[in-house]
Number of protein chains: 2
Amino acid sequence: MQTSVAISPPGKLKIIDALRTLLEERTFESLTISDIAVAAGVTEGLIYKYFKGKRDILHHVLKEHYDHFLVQIDRDLQGIDGALNKLRKIIWSSIERYANHRVFARIILLEVRNSEEYFHSEAYELVRQFNRILLDIIKEGIASGEIRDNIPPAYIRNAIFGTIEHSCLNRAIFNEPVSTNDAARIITELLLNGIKR
Amino acid sequence: MQTSVAISPPGKLKIIDALRTLLEERTFESLTISDIAVAAGVTEGLIYKYFKGKRDILHHVLKEHYDHFLVQIDRDLQGIDGALNKLRKIIWSSIERYANHRVFARIILLEVRNSEEYFHSEAYELVRQFNRILLDIIKEGIASGEIRDNIPPAYIRNAIFGTIEHSCLNRAIFNEPVSTNDAARIITELLLNGIKR
DNA sequence: ACAAATAAGTGAATATCATTTACCATGGAA
DNA sequence: TTCCATGGTAAATGATATTCACTTATTTGT
């Protein structure tokens with residue numbers, strides 16, 4: 001054993017990269033294992049050396065994306081003070097991610113939800129992790145008095161997450177453009193102050 | 001021609017009913033055409049007389065559910081005055097639907113999103129219709145001054161829809177219980193007045 | 001009432017893929 | 001050198017969605 005951290009073999013990375021590239025043009029369902037193997041320059045058999053099945057490759061593509069996302073989020077939050085300011089930033093960063101990484105958006109909003117395995121995958125574990133970050137900020141805001149304390153934090157998180165995802169859905173499905181700055185400003189304003197006049 | 005309205009042949013209904021029943025216990029993906037045919041008491045070939053493919057059956061199950069839902073929503077809104085009161089009611093009705101009709105919730109939140117065809121199906125047309133109803137209420141509220149006019153109606157709709165769906169997602173995935181009344185009260189309060197203290 | 005046409009229904013054949021399996025090559029480690 | 005782990009191959013298998021040629025029932029026009 002050379003290092004304690006497992007380093008991915010080149011074949012595995014080629015497969016993940018190939019799928020990510022293919023997903024820019026085509027839907028996951030429409031792709032065959034053979035398509036992915038050809039694009040990766042490997043044989044179909046090798047795929048099953050590294051992945052449990054077709055779905056598993058997709059989960060790894062998502063995991064890679066989400067890894068980058070979490071690193072970025074972490075960085076984005078550095079130096080920001082106050083729960084509300086952090087929420088503003090996190091809303092902006094999330095929308096930016098969905099708007100500028102269409103493959104990521106399509107995978108997480110459309111392609112993975114229909115399989116049980118996803119909810120037990122490493123990728124979904126990262127989603128939970130993000131959820132926890134969001135939840136902690138909300139709790140911090142309640143503790144500091146910035147956020148009202150008569151709404152359960154989980155509901156606030158669901159509202160933020162749900163609003164963002166739903167707002168980016170049409171973009172993912174029909175490729176309708178989204179202006180990150182506009183969307184972030186509007187959604188933040190809406191969630192912080194409500195819709196009542 | 002007896003009537004101007006096409007009446008579904010019994011075979012077709014049996015197939016839709018069979019799938020709906022099967023979905024109470026199993027996930028769509030895990031079901032084969034043969035499973036559905038056996039449960040419906042028809043042969044596999046017949047299914048392709050009535051449906052374009054496996055997916056198409058699912059879309060018809062959803063369409064049936066959504067038809068009922070829209071009728072119910074229409075009834076629920078009768079006699080209610082004021083955009084905010086209507087929104088309150090529509091939020092409650094939606095949550096009630098997701099909470100008490102688990103098959104419906106699973107289909108719409110998890111099972112259909114991953115196919116292009118869905119977004120061109122009759123079922124999705126009904127979703128659009130519901131969207132329009134919601135949008136009209138929001139516009140009515142803006143016109144009457146009940147709802148603030150500095151947020152585009154589509155964002156308000158996305159927030160309502162997204163928050164509800166996300167709040168019901170864990171229920172659909174992990175079968176976690178949801179109290180309709182509590183959820184409706186909290187979500188309404190949150191969306192109307194925002195999360196800022 | 002009766003032929004013609006249309007719809008409902010059958011079940012075996014087909015085709016598409018995801019997945020498995022048996023096998024080859026190579027490069028350390030003992 | 002031998003052994004074994006790892007990366008890789010290619011053909012076989014198996015599951016299953018879909019098609020097709022066919023039969024049976026049901027309307028419909030005359």
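Predicted model only: the values in this text are computed from it and were never measured. Every chain is numbered from 1, with letters handed out A, B, ... down the list of sequences.
In this structure, B:Lys14 fails the cation-pi test against B:Tyr50, since its NZ or CZ atom is not both closer than 6.0 Å to the six-membered ring centre and inside 45 degrees of the ring normal.
Where A:Ser34 and B:Val42 each meet DNA chain C at their nearest nucleotide, the meeting point lying more 5' is that of B:Val42. Nearest-nucleotide mapping onto DNA chain D: of B:Ser30 and B:Gly45, the residue sitting toward the 5' end is B:Ser30.
Counting to the nearest Å, the C1' atom of C:dC23 and the CD atom of A:Glu44 are 17 Å from each other. The CD1 atom of A:Ile47 sits 15 Å away from the P atom of D:dG7 (whole-angstrom rounding). D:dT18 atom P lies 9 Å from atom CD1 of B:Ile57, rounded to whole Å. The separation between A:Ile33 atom CD1 and D:dA10 atom P is 17 Å, rounded to whole Å. Straight-line distance from the NZ atom of B:Lys14 to the C1' atom of C:dA8: 10 Å, rounded to whole Å. Atom pair B:Leu58:CG and D:dA17:P shows a separation of 13 Å (rounding to whole Å applied). Computed from coordinates, the A:Leu46 CG to C:dT26 P distance equals 16 Å when rounded to whole Å. A:Tyr50 places its OH atom 18 Å from the P atom of C:dT19, with the value rounded to the nearest Å.
Taking only side-chain atoms of B:Lys54, from C-beta outward, the nucleotide of C:dT10, C:dA18, D:dA17 with the closest atom is D:dA17. When distances are taken from the side chain of A:Thr43 to each of D:dT9, C:dG9, C:dC17, the shortest belongs to D:dT9.
For A:Lys49 against D:dG7, no side-chain N or O and base N or O form a donor-acceptor pair under 3.5 Å.
Residues B:Asn193 and A:Arg148 have side chains that never bring a donor and an acceptor to within less than 3.5 angstrom of each other.
Using a 4.0 Å heavy-atom distance criterion, A:Leu31 is classed as a sugar-phosphate-only contact.
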Inset, instruction - Starting from the C-alpha separation in whole Å, work towards a yes-or-no answer on salt bridge (charged side-chain N to carboxylate O under 4.0 Å, His left out) for A:Lys86 and A:Glu146. - result: CA-CA 12 Å; A:Lys86 285 181 191 164; A:Glu146 284 185 276; over 6 Å; no

Inset, instruction - Apply the test side-chain hydrogen bond (donor to acceptor under 3.5 Å, both in side chains) to residues B:Trp92 and B:Asp76: give CA-CA distance (whole Å), side-chain angles for both, the deciding distance (0.1 Å), then the verdict. - result: CA-CA 10 Å; B:Trp92 185 91; B:Asp76 285 351; over 6 Å; no

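Taking every heavy atom of both residues into account, A:Thr43 and A:Ala37 meet most closely at C-CB, 3.9 Å.
One finds no side-chain N or O of A:Tyr48 lying less than 4.0 angstrom from the OP1 or OP2 phosphate oxygen of C:dT20.
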